[in-house]
2 protein chains.
Amino acid sequence: MSDRRLEGSVRIVGSGLLGASIGLGLTARGVDVIVDDASPSNARLAIDYGAGRAPRDDDAPALIVVCVPPDVTAQVVGAELAAHPDALVTDVASVKLAPLRELESAGADLSRYLGTHPMAGREIGGPAAARADLFLGRPWVLAGHDAISYRRAAAIEDMILDLGAVPVEMTVAQHDASVALVSHAPQVVSSLLAARLTDGDNAALALAGQGVRDVTRVAGSDPGLWLQILSANAVPVAAILRALRDDLDVVVDALERIGDERPDGARRAIVDALAAGNAGVARLPGKHGKDARYASLVVLIDDRPGQLARLFAEIGDLGVNLEDLRLEHSPGAPIGIVEVSVLPEAVAALERDLIERGWRIAG
Amino acid sequence: MSDRRLEGSVRIVGSGLLGASIGLGLTARGVDVIVDDASPSNARLAIDYGAGRAPRDDDAPALIVVCVPPDVTAQVVGAELAAHPDALVTDVASVKLAPLRELESAGADLSRYLGTHPMAGREIGGPAAARADLFLGRPWVLAGHDAISYRRAAAIEDMILDLGAVPVEMTVAQHDASVALVSHAPQVVSSLLAARLTDGDNAALALAGQGVRDVTRVAGSDPGLWLQILSANAVPVAAILRALRDDLDVVVDALERIGDERPDGARRAIVDALAAGNAGVARLPGKHGKDARYASLVVLIDDRPGQLARLFAEIGDLGVNLEDLRLEHSPGAPIGIVEVSVLPEAVAALERDLIERGWRIAG
């Protein structure tokens with residue numbers, strides 16, 4: 001506790017996954033956390049989970065964290081700014097410009113507001129899914145604007161550090177453009193591709209492998225929440241999707257011409273699009289924030305209880321840490337294919353040792 | 001060996017990943033396998049790995065399996081049909097209509113040819129990556145056409161069964177439309193989205209989470225090979241991408257109008273697109289070919305050697321088999337989040353037992 005940065009009480013408004021997780025994390029650090037929610041039963045549940053205490057009339061929070069859905073964020077932030085004239089107020093909505101503009105036009109005191117966005121979350125929501133360590137090591141954007149300095153908002157950065165997250169300073173516009181690229185546009189693209197699967201017959205879908213499963217995984221997300229996010233960040237998302245649509249037009253045109261006598265440039269257009277994809281995916285940072293890719297081994301295991309256990313036990317014995325792993329789907333197969341990714345310097349010894357121990361390594 | 005179905009010698013032309021894996025699998029079943037390749041060093045390497053033996057002048061193969069790149073498949077199949085007038089010939093190219101048409105117009109004896117496509121493979125290629133059990137439990141399409149009956153092609157189905165794969169009968173057109181939907185179109189979409197990442201600055205890419213990583217994973221594939229696949233299946237792929245582009249136009253238009261005074265129908269259009277994505281992804285069959293989704297648990301582990309081992313060891317002790325698992329990327333985090341998927345009937349007991357053993361289960 002001694003190394004805690006935050007001082008004073010923190011009031012959390014909205015006790016869903018993020019609000020309750022912030023409450024759990026700060027309470028664990030010894031912060032006095034007040035939990036409030038438009039839904040009293042949600043608030044009570046979060047308090048039962050240890051996210052904080054119920055509000056009192058004499059509460060004088062130094063920091064207020066608004067954790068409500070994007071489309072009501074500005075309204076709740078405005079109300080908190082008005083109700084607590086001495087408090088610094090922030091929010092955790094996944095879009096930042098729209099709420100700021102709404103607060104501006106409502107004449108809110110923006111010198112006490114700085115929005116943030118923790119790059120953490122889970123498919124499961126609600127206080128019951130909350131975890132004190134949800135934010136450990138995750139980037140947490142402080143979305144700056146002209147009416148307040150980062151120094152004035154130091155308590156917000158203290159909260160982020162107390163929760164074990166990594167503060168990242170961006171302007172609201174930089175933030176919204178960034179998440180449009182790495183989160184919002186990918187969601188739309190995944191959904192649009194998944195929608196095509198509704199046309200396929202069962203025989204076609206039975207041929208589905210890992211690739212289409214990966215591309216469409218996030219298409220399972222909640223349309224209602226994503227409507228709020230997309231409509232609040234519509235301009236940057238639309239710009240990315242328009243550019244993607246232009247590239248798609250080029251590829252579709254090339255595919256339609258490639259059967260022609262002289263499909264001039266069609267092959268070139270398709271290869272260029274695929275190569276640009278190679279270049280783009282290579283830019284995604286690795287788990288440890290470096291661009292370094294890991295070295296990976298493909299290990300064949302029997303699809304029986306305990307086989308993965310034995311594999312990982314032996315990898316553990318060898319003192320090697322797994323950076324990533326993937327278990328391949330193989331419909332009805334009695335075997336599994338596990339791709340384990342480790343730091344490049346560890347892979348040679350690991351492969352040798354696993355083979356010595358009788359594992360089947362592919363490639 | 002006694003339950004082997006194939007009779008006679010099998011000649012494999014092309015000793016890359018698929019050819020060498022077929023050779024290894026059939027050799028393991030006691031079949032006399034002949035390995036040939038335009039590249040003598042490739043052939044020698046595959047033979048060194050145990051994929052079969054070198055050709056002899058007196059070879060009289062009952063079945064010939066052509067395992068060469070899509071753009072030369074028809075030419076090699078035609079040559080094999082001509083050189084071995086008594087042999088049944090097949091291939092394993094990932095497109096089926098184009099090679100058939102090419103053979104037709106070349107006047108080949110199609111009464112001895114039936115193309116196939118094993119739904120198996122790996123990102124790594126070459127004979128060194130070959131595995132006798134590459135096809136275990138995987139669907140393997142027999143792409144039927146009018147000039148030959150499945151009965152006449154019984155030896156091909158015998159080979160598929162001897163390799164432990166699951167024969168699936170489709171027409172060439174059905175096959176090409178199916179893989180266009182579950183493999184070729186997803187590849188293009190993943191590449192086009194990944195290409196957008198080349199526009200992002202490093203700060204934006206540093207915010208990337210698991211979602212965008214999944215959507216863009218296959219964008220790392222080889223442009224040269226995919227040009228061959230896409231150009232050989234251009235018509236069905238273009239049809240799917242055109243439909244996707246039309247949906248994309250609707251979403252882009254909606255996003256561009258949603259800031260208007262009266263964005264009539266814009267919200268509805270976005271929710272409809274996202275909901276269609278929900279419906280599509282829900283149609284993907286589970287690992288065991290059922291539509292059943294698995295129940296999953298999210299377990300928090302320390303990012304240290306041996307932690308995953310301990311988790312999977314205990315899951316194994318509990319006699320529970322993992323259907324799927326996912327290790328979440330968390331840049332710089334000292335913890336890892338493991339989502340384990342198990343059969344629904346097993347999840348309640350597993351959660352209880354893991355909590356009893358002191359694991360942190362989220363949600």
Side-chain angles (χ1 to χ4, degrees), chain A residues 119 124 129 136-137 178 181-182 186 189-195 197-198 200 204 207-208 211-212 214-220 223 227 231 234 238 241 245 247-248 252 255-256 258 271 274-277 279-281 284 287 289 305-306 308-309 312-313 316 321 329-333 335 363, chain B residues 119 124 129 136-137 178 181-182 186 189-195 197-198 200 204 207-208 211-212 214-220 223 227 231 234 238 241 245 247-248 252 255-256 258 271 274-277 279-281 284 287 289 305-306 308-309 312-313 316 319 321 329-333 363:
Chain A
M119 304 307 295
I124 324 155
L136 270 180
S178 298
L181 182 65
V182 300
V189 169
S190 181
S191 295
L192 291 174
L193 179 66
L197 298 178
T198 57
L207 301 184
V212 66
D214 285 341
V215 182
T216 58
R217 187 180 62 86
V218 295
L227 170 63
S231 52
L241 293 179
R245 184 193 55 197
D247 294 345
L248 179 56
V252 170
L255 288 170
E256 288 171 343
I258 208 160
V271 167
L274 295 165
V281 74
L284 287 172
K287 177 180 170 193
L308 269 175
F312 292 121
N321 194 22
H329 284 272
S330 45
I335 57 139
Chain B
M119 304 308 294
I124 323 155
L136 270 179
S178 298
L181 182 66
V182 300
V189 169
S190 181
S191 295
L192 291 173
L193 179 66
L197 298 177
T198 57
L207 301 184
V212 66
D214 285 341
V215 182
T216 57
R217 187 179 64 84
V218 295
L227 170 63
S231 50
L241 294 178
R245 187 194 53 197
D247 294 347
L248 180 56
V252 170
L255 289 170
E256 287 171 343
I258 209 159
V271 167
L274 295 165
V281 72
L284 287 172
K287 178 179 169 192
L308 270 174
F312 292 122
N321 194 21
H329 285 272
S330 44

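Order of the sequence lines fixes the chain letters, A, B, ..., with proteins taken first and strands second; residue numbering starts at 1 for each chain. In what follows, every heavy atom counts, from backbone to side chain, and hydrogens, waters and symmetry copies are set aside.
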Problem - Worked check of side chain to side chain contact (heavy atoms under 4.5 Å, CB included) between A/Val218 and B/Val215 - result: CA-CA 8 Å; A/Val218 295; B/Val215 182; 4.0 Å; yes
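- A search for side-chain hydrogen bond (donor to acceptor under 3.5 Å, both in side chains) contacts involving A/Asp247 returns B/Arg196, not counting sequence neighbours.
- Of the listed residues A/Ile258, A/Val271, A/Val252, A/Leu227, the one with more heavy-atom pairs under 4.5 angstrom with chain B than any other is A/Leu227.
- The minimum heavy-atom distance between B/Arg245 and A/Leu248, with the atom names listed, is CB-CD2, 3.6 Å.
- Heavy-atom distances place both the backbone and the side chain of A/Leu197 under 4.5 Å from chain B.
- The side-chain hydrogen bond (donor to acceptor under 3.5 Å, both in side chains) search around A/Ser178 returns none, not counting sequence neighbours.
- When A/Thr216, A/Leu207, A/Val189 are compared by the number of non-hydrogen pairs under 4.5 Å with chain B, A/Leu207 comes out ahead.
- Contacts with chain B were tallied for A/Ala234, A/Gly211, A/Ser190; A/Ala234 has the most, counting heavy-atom pairs under 4.5 Å.
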